Amino acid sequence: MSTPLLTPTDAEKKALLDARNEEEIRLLVAQMQKAGALGFDPSTHVKGVITAVSYASSPPTVSLQISGDTTTTITGVRIMNNFTPVTGQTVDIRKQGADIVITGHTADVSGTARGQVGSGWIKATLTNGSHNGNSNGDVYYRLKLDDGSWKVQWQGGWAPEGSSIMIDSGQALPERFWPKALRSVPAARQVSTATSVVFDFHTDGRVVLTGHTYSTSASTVSGDVSFVSIGGSGFTSVNGSHTHIDGGGFATTTSGGHDHSVNIGASHDHGFYGGAHTHTAFWPAWVSLNGVEYFL
């Protein structure tokens with residue numbers, strides 16, 4: 001036989017409420033007594049979600065909602081100086097008295113996540129060329145707080161396809177990624193007459209490749225410099241002004257064409273110097289941004 005449920009009387013409701021209030025008062029008194037014994041308010045940890053980030057404020061702060069409460073947003077919350085906040089992150093929050101500070105991000109994406117909420121990585125919008133140069137992956141960038149200083153990290157590979165401008169004004173990086181002054185950073189490139197190039201990160205969000213010359217020739221020589229290869233004994237004719245070193249170590253300059261004789265059996269090179277010359281590097285088929293970073 002089932003027992004019917006009875007609605008509590010007003011007196012019973014009051015007694016239950018009084019009991020709850022008494023328990024809350026007891027807990028509060030215990031907390032106050034503990035704080036008095038310690039000499040400070042003990043801290044508690046709660047969970048929250050970041051809803052906005054103020055990157056430009058000094059110091060940087062965030063807005064967040066605590067413990068699943070989506071109706072109340074707390075603004076101006078401080079962060080640790082090696083934690084990079086991203087909107088949507090689930091974070092650990094330390095509360096001590098009226099003070100609230102974020103101590104870290106609860107991992108909620110894989111360690112190789114790209115472009116997912118919480119990872120911080122943003123896929124670059126390219127003005128020229130294409131992603132995945134030399135199979136290094138698409139080009140991504142993110143903001144990091146490194147001991148209180150903001151810096152931008154990059155990864156991936158870019159195929160220039162004949163252009164030195166990777167990101168122009170129309171696709172410029174968001175303003176929070178702009179450096180305070182021009183940042184020139186070396187990067188690895190396709191090995192062909194050069195092993196590195198330089199990325200210029202401009203103060204208006206443009207990214208430009210420099211440190212190379214676009215040309216179809218491997219090298220060019222100008223002025224009065226030439227290298228001649230001589231095989232075995234014989235003569236070679238050399239034109240232009242160049243310098244001779246005599247047996248005493250003295251240099252003399254000779255103008256006009258004349259012959260040099262070599263009376264040895266092995267092939268070797270003679271270099272004649274005395275004028276300016278230039279070398280032109282091939283433009284790179286790819287450039288790697290892995291490991292490229294700069295401080296704002």
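Keep in mind that what you see is a predicted model, and the values were worked out from it rather than measured.
- You'll find the side chain of K144 reaches within 4.5 Å of the side chain of R142, heavy atoms only.
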(message) Evaluate I93 against V77 for side chain to side chain contact (heavy atoms under 4.5 Å, CB included), listing each step before the verdict.
(response) CA-CA 10 Å; I93 304 162; V77 179; 5.6 Å; no
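- S63 places no side-chain N or O within 3.5 Å of a backbone atom of T51 that could act as its donor or acceptor partner.
- Counting all heavy atoms, side chain and backbone alike, V198 lies closest to S184 at CG1-CB, 3.8 Å.
- Shown here for E161 and S130, the closest heavy-atom pair between the two residues is OE2-OG, 2.7 Å.
- In this structure the side chain of M166 never reaches within 4.5 angstrom of the side chain of V287, judged on heavy atoms.
- At least one side-chain heavy atom of V292 sits less than 4.5 Å from a side-chain heavy atom of F201.
- When all heavy atoms of N290 and G156 are compared, the closest pair comes out as OD1-N, 2.9 Å.
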(request) Test L143 against F177 for side chain to side chain contact (heavy atoms under 4.5 Å, CB included), laying out the working first. (result) CA-CA 7 Å; L143 202 61; F177 296 92; 3.8 Å; yes
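- There is no path of hydrophobic side-chain contacts, each under 4.5 Å, that joins F295 to V207.
- Between the side chain of N82 and the main chain of D147, no donor-acceptor pair closer than 3.5 Å is present.
- For the atom pair CZ (R78) and CD1 (I102), the distance works out to 11.5 Å, reported to the nearest 0.5 Å.
- The OG1 atom of T103 sits 7.0 Å away from the CE atom of M80 when rounded to the nearest 0.5 Å.
- With 3.5 Å as the limit, one finds a donor-acceptor pair spanning the side chains of S288 and N136.
- Note on V49 and I66: separate hydrophobic clusters, where clusters join Ile, Leu, Val, Met, Phe, Trp and Tyr whose side-chain heavy atoms are under 4.5 Å apart, directly or indirectly.
- In terms of modelled atom types and a separation under 3.5 Å, the side chain of Q190 and the main chain of P284 share no donor-acceptor contact.
- Taking each heavy atom of G104 and F83 in turn, the nearest pair found is C-CE1, 4.0 Å.
- Note that the CG atom of D146 and the CD atom of E293 stand 7.5 Å from one another [nearest 0.5 Å].
- Remark: D168 pairs with T127, I165, Q171, R206 by the side chain to side chain contact (heavy atoms under 4.5 Å, CB included) rule, at least two apart or across chains.
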(request) Kindly indicate, with the supporting measurements, whether the criterion side chain to side chain contact (heavy atoms under 4.5 Å, CB included) is fulfilled by I50 and V86. (result) CA-CA 7 Å; I50 296 177; V86 177; over 6 Å; no
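- Between the side chain of N132 and the main chain of D138, no donor-acceptor pair closer than 3.5 Å is present.
- The closest donor-acceptor contact from the side chain of R176 to the backbone of A56 lies at 3.5 Å or more, if one exists at all.
- To the nearest 0.5 Å, the span separating CZ on R94 from CD1 on I100 amounts to 11.5 Å.
- Residues passing the ring pair (Phe, Tyr, Trp, His ring centres under 6.0 Å) test with W178, sequence neighbours excluded: none.
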(request) For the pair L182 and H202, evaluate side chain to side chain contact (heavy atoms under 4.5 Å, CB included) and give the outcome as yes or no after the intermediate values. (result) CA-CA 5 Å; L182 179 69; H202 290 260; 3.9 Å; yes
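- No single ILVMFWY cluster, assembled from side-chain heavy atoms under 4.5 Å apart, contains both V185 and W286.
- Annotation: the span from R183 atom CZ to D200 atom CG amounts to 11.5 Å, rounded to 0.5 Å.
- One distance of note links CG of L64 with CD1 of I79; it measures 11.5 Å at 0.5 Å rounding.
- For the pair P85 and V53, the tightest heavy-atom approach, listed with the atom from each and the gap, is CG-CG1, 3.8 Å.
- Between W121 and Y140, the ring planes are perpendicular. Angles over 60° get that label, and only those under 30° would be called parallel.
- Taking the six-membered ring where the residue is Trp, F199 and W158 present tilted rings, their angle falling between 30° and 60°.
- Both I167 and L296 are part of a single hydrophobic cluster, where members link through side-chain heavy atoms under 4.5 Å apart.
- Among all heavy-atom pairs drawn from L209 and P160, the shortest one is CD2-CG, 4.3 Å.
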